[in-house]
Amino acid sequence: MAADIFNQLAEAVVDGDDDLAEELAQKALDEGVDPYDAIVNGLARGMAIVSDQYEKGEAFVPHLLLASGAMYAGMDILSPEMIKEGESMQAVGVIGTIEGDVHDIGKNLVKTMLSANGFEMIDLGADVPIEKFVETAKEHRADLISMSALMTTTMTNMEKVVEILQEEASVTP
């Protein structure tokens, strides 16, 4: 039964059907399907299918956008159910897409998976300045920083964040 829901969720994402993704996500919860499994084996699998189609030239940017909209619609239903009340956070993380890049599909998936496993994730969004990563990490005493980038031209900003944090750590008493 769960496998059927997973397949339907994946298909809803591939088809870019927000309403169906929401309906199926709720159905998964109603039938006792683990929300984490529904995300990984349904929604994320559907997004992987569309990504593969894109790489093969069988899908285009509008398809990716529609698919991600459907994935987010389902995640909005499933994500809040992943962390049970009373569970303590394992660690605090800062996550965002680095300055100069606005792609956030991968970032949002990583945030969801880390949150599902007990991490408190502070989401800075997309096109985040280097200094904002550093400030937020220090302010919240982050255990991890997750920086996302799709465009190779923005990836060098990741290294800058690491360098700043390493420099500041070496001068901290």
Side-chain angles (χ1 to χ4, degrees), residues 13 18 21 35-56 59-173:
V13 170
D18 299 20
Y36 179 82
D37 288 340
I39 290 172
V40 172
N41 298 312
L43 299 173
R45 187 166 54 89
M47 200 65 218
I49 291 168
V50 175
S51 295
D52 288 343
Q53 290 173 343
Y54 177 78
E55 288 179 19
K56 294 175 185 174
F60 303 95
V61 172
H63 299 114
L64 289 173
L65 295 174
L66 289 170
S68 66
M71 180 189 67
Y72 293 144
M75 285 176 57
D76 286 346
I77 304 290
L78 296 167
S79 295
E81 300 300 319
M82 289 193 301
I83 297 179
K84 307 290 185 256
E85 282 188 39
E87 285 187 4
S88 60
M89 295 293 169
Q90 295 175 7
V92 174
V94 174
I95 190 165
T97 304
I98 200 73
E99 186 172 20
D101 204 328
V102 296
H103 301 91
D104 67 354
I105 294 170
K107 173 194 69 81
N108 290 338
L109 282 171
V110 170
K111 176 187 167 193
T112 298
M113 298 309 154
L114 288 171
S115 296
N117 285 288
F119 289 82
E120 178 185 350
M121 297 304 295
I122 300 161
D123 189 348
L124 301 177
D127 196 19
V128 179
I130 294 166
E131 299 79 21
K132 184 71 174 171
F133 276 102
V134 174
E135 292 167 11
T136 305
K138 288 169 35 180
E139 176 185 341
H140 293 276
R141 301 177 54 109
D143 298 294
L144 66 100
I145 298 173
S146 177
M147 296 174 280
S148 173
L150 178 66
M151 302 176 354
T152 56
T153 56
T154 64
M155 290 180 185
T156 56
N157 289 333
M158 294 174 165
E159 187 175 350
K160 291 176 185 173
V161 171
V162 173
E163 288 171 357
I164 291 170
L165 287 168
Q166 286 175 335
E167 287 173 13
E168 290 185 11
S170 68
V171 295
T172 304

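In this chain, residues are counted from 1 in sequence order.
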| query | Checking side chain to side chain contact (heavy atoms under 4.5 Å, CB included) for the pair Tyr54/Val61: CA distance, chi angles, key distance, verdict? | reply | CA-CA 8 Å; Tyr54 177 78; Val61 172; 4.1 Å; yes

| task | Would you indicate whether the side-chain heavy atoms of Ile122 and Val92 approach each other to under 4.5 Å? | result | yes

| query | Mind checking whether Met121 and Val110 have side chains closer than 4.5 Å, heavy atoms only? | reply | no

Please tabulate, for side-chain N and O atoms in residues 68-76, each donor-acceptor pair with protein atoms closer than 3.5 Å (sequence neighbours left out).
| residue | atom | partner | partner atom | Å |
| --- | --- | --- | --- | --- |
| Ser68 | OG | Leu64 | O | 3.2 |
| Ser68 | OG | Leu65 | O | 2.9 |
| Tyr72 | OH | Asp104 | OD1 | 3.3 |
| Tyr72 | OH | Asn108 | ND2 | 2.7 |

Show which side-chain atoms of residues 145-153 pair as donor or acceptor with protein atoms under 3.5 Å away, not counting sequence neighbours.
none

Give every donor-acceptor pair under 3.5 Å between a side-chain atom in residues 124-134 and any protein atom, sequence neighbours left out.
| residue | atom | partner | partner atom | Å |
| --- | --- | --- | --- | --- |
| Asp127 | OD1 | Gly100 | N | 2.6 |

| field | Whether over 12 other heavy atoms sit under 6.0 Å from Glu163 CD | value | yes

| field | side chain to side chain contact (heavy atoms under 4.5 Å, CB included) against Asp37, all qualifying residues, sequence neighbours excluded | value | Phe6, Asp34, Asn41

| field | Listed partners of Ala67 passing side chain to side chain contact (heavy atoms under 4.5 Å, CB included), at least two apart | value | Val13, Met47, Val50

| Non-neighbouring partners of Lys138 that pass side chain to side chain donor-acceptor pair (under 3.5 Å), sequence neighbours left out | Glu168

Please report the shortest heavy-atom distance between [X] and [Y], naming the atom on each side.
{"X": "Lys111", "Y": "Ile95", "answer": "N-CD1, 3.8 Å"}
{"X": "Thr154", "Y": "Ile98", "answer": "O-CG2, 3.5 Å"}
{"X": "Val94", "Y": "Thr136", "answer": "CG2-CG2, 3.9 Å"}

| task | Go through Asp101 and Asn157 one step at a time and tell me if the side chain to side chain contact (heavy atoms under 4.5 Å, CB included) criterion holds. | result | CA-CA 10 Å; Asp101 204 328; Asn157 289 333; over 6 Å; no

| task | Examine distances only and state if a side-chain atom of Thr97 and a backbone atom of Val102 form a donor-acceptor pair shorter than 3.5 Å. | result | no

| query | What distance do Glu99 atom CD and Met158 atom CE have between them, rounded to the nearest 0.5 Å? | reply | 12.5 Å

